[in-house]
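To keep things clear, I will list the structure first and then write my remarks on it.
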Amino acid sequence: MSSPSLSGASEPPDPNLGPVLIDANELQARVTELGRQITDDYAGRAPLLVGVLKGAFMFMSDLARAVRLPVEFDFMAVASYGSSTKASGVVRIVKDLDLDLSGRHVLLVEDIVDSGLTLSYLRRNLLARGPASLEVCALLVKEGIQEREPDFRYVGFRIPPTFVIGYGLDIAERYRNLPYICAWAG
Ligand code: 5GP
């Protein structure tokens with residue numbers, strides 16, 4: 001497969017972009033399904049969507065528009081890989097939530113689960129704030145990496161354990177605006 005270009009057919013192919021794993025249509029179709037499922041599961045409630053910045057911003061935005069309920073939003077940022085493609089195992093809150101979680105039905109929206117360390121840290125951290133419920137919606141889960149199967153209610157796609165970019169996911173802050181998910185070939 002040839003490398004996709006970043007901004008259109010007139011651009012030269014970017015050699016850093018590997019094969020497309022999930023194209024824009026597949027993403028939108030799955031996000032719509034997830035939104036429908038969340039709408040059914042949370043009927044009569046007003047869930048609080050908690051997005052993990054920066055990677056989840058695009059997924060969260062599309063997901064929220066597919067949920068037909070009066071949702072509220074909050075965001076937190078955790079330290080990421082920086083410019084490396086390896087898990088550090090260290091999770092640090094860089095920006096905390098603005099809202100109080102007590103008594104709220106919280107849905108944590110994650111971009112990608114690799115080792116699962118970030119998710120298990122966030123789960124413990126958010127549970128300690130006394131929400132009425134806490135569920136996780138992860139767009140991507142890498143297969144065969146996590147020591148134990150992490151506990152999430154909603155998963156967009158299970159992918160092979162390869163480094164991916166696009167649809168919010170970066171490498172050194174670039175490529176987040178790709179409308180699809182592709183492998184990093186750089
Ligand atoms: P974990 O703690 O599960 O090992 O890593 C989770 C975080 O690492 C994600 O929220 C994301 O920021 C980053 N990450 C993990 N795998 C990838 C990947 O394939 N591509 C990108 N861009 N970020 C990743």
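All ligand and atom numbering here is 1-based and tracks the order in the structure. Worth knowing before you read on, the calculation uses all heavy atoms, side chains too, and leaves out hydrogens, waters and symmetry mates.
Residue-ligand proximity: Glu110 is placed with a non-hydrogen atom under 4.0 Å from ligand 1. Heavy-atom distances between Gly55 and ligand 1 stay at or above 4.0 Å for every pair. Contact between Leu119 and ligand 1 is absent, with no heavy atom of the residue lying under 4.0 Å from the ligand. For Thr162, the heavy-atom gap to ligand 1 drops under 4.0 angstrom. Ligand 1 lies nowhere less than 4.0 angstrom from a heavy atom belonging to Ile171.
Heavy-atom proximity to Gly116, at under 4.0 Å, picks out these atoms of ligand 1: 1 (P), 3 (O), 4 (O). Within ligand 1, counting atoms from 1 as listed, the ones closer than 4.0 Å to a heavy atom of Asp111 are 9 (C), 10 (O), 11 (C), 12 (O). Taking every non-hydrogen atom of Asp170 and a distance limit under 4.0 Å, the qualifying atoms of ligand 1 come out as 21 (C), 22 (N). With ligand atoms numbered from 1 in the order given, ligand 1 contributes 2 (O), 3 (O) to contacts under 4.0 Å with heavy atoms of Leu117. If you number the atoms of ligand 1 from 1 as listed, the ones under 4.0 Å from a heavy atom of Lys142 come out as 16 (N), 17 (C), 18 (C), 19 (O).
Between Phe163 and ligand 1, not a single N/O pair is under 3.5 Å apart. Residue contacts with ligand 1: Ile165 is placed with no nitrogen or oxygen under 3.5 Å of a nitrogen or oxygen of the ligand (distance criterion only).
Side-chain contact between Leu139 and Asp111: absent, with no pair of heavy atoms (C-beta onward) separated by less than 4.5 Å.
Classified by interplanar angle (parallel below 30°, tilted 30° to 60°, perpendicular above 60°), the ring pair Tyr42/His105 is perpendicular.
Connection of Val109 to Met76 is not established within any shared hydrophobic cluster, with ILVMFWY side chains joined at heavy-atom distances below 4.5 Å, either directly or through further cluster members. With hydrophobic clusters built from ILVMFWY side chains whose heavy atoms lie under 4.5 angstrom apart, Tyr121 shares a cluster with Val136.
Cys182 contributes atom SG, which lies 11.5 Å from atom CG of Asp23 (distance to the nearest 0.5 angstrom).
Thr32 and Arg36 share no donor-acceptor pair across their side chains, judged by distance under 3.5 Å alone.
Of the heavy atoms in Val52, none comes closer than 4.0 Å to ligand 1.
Judged purely by atom type and a 3.5 angstrom limit, Asp74 uses its side chain to pair as donor or acceptor with the backbone of Asp98.
Across Ala185 and Leu17, no two heavy atoms sit closer than the pair CB-C, 4.0 Å.
With salt bridges taken as basic N to acidic carboxylate O contacts below 4.0 Å, one links Arg30 and Glu33.
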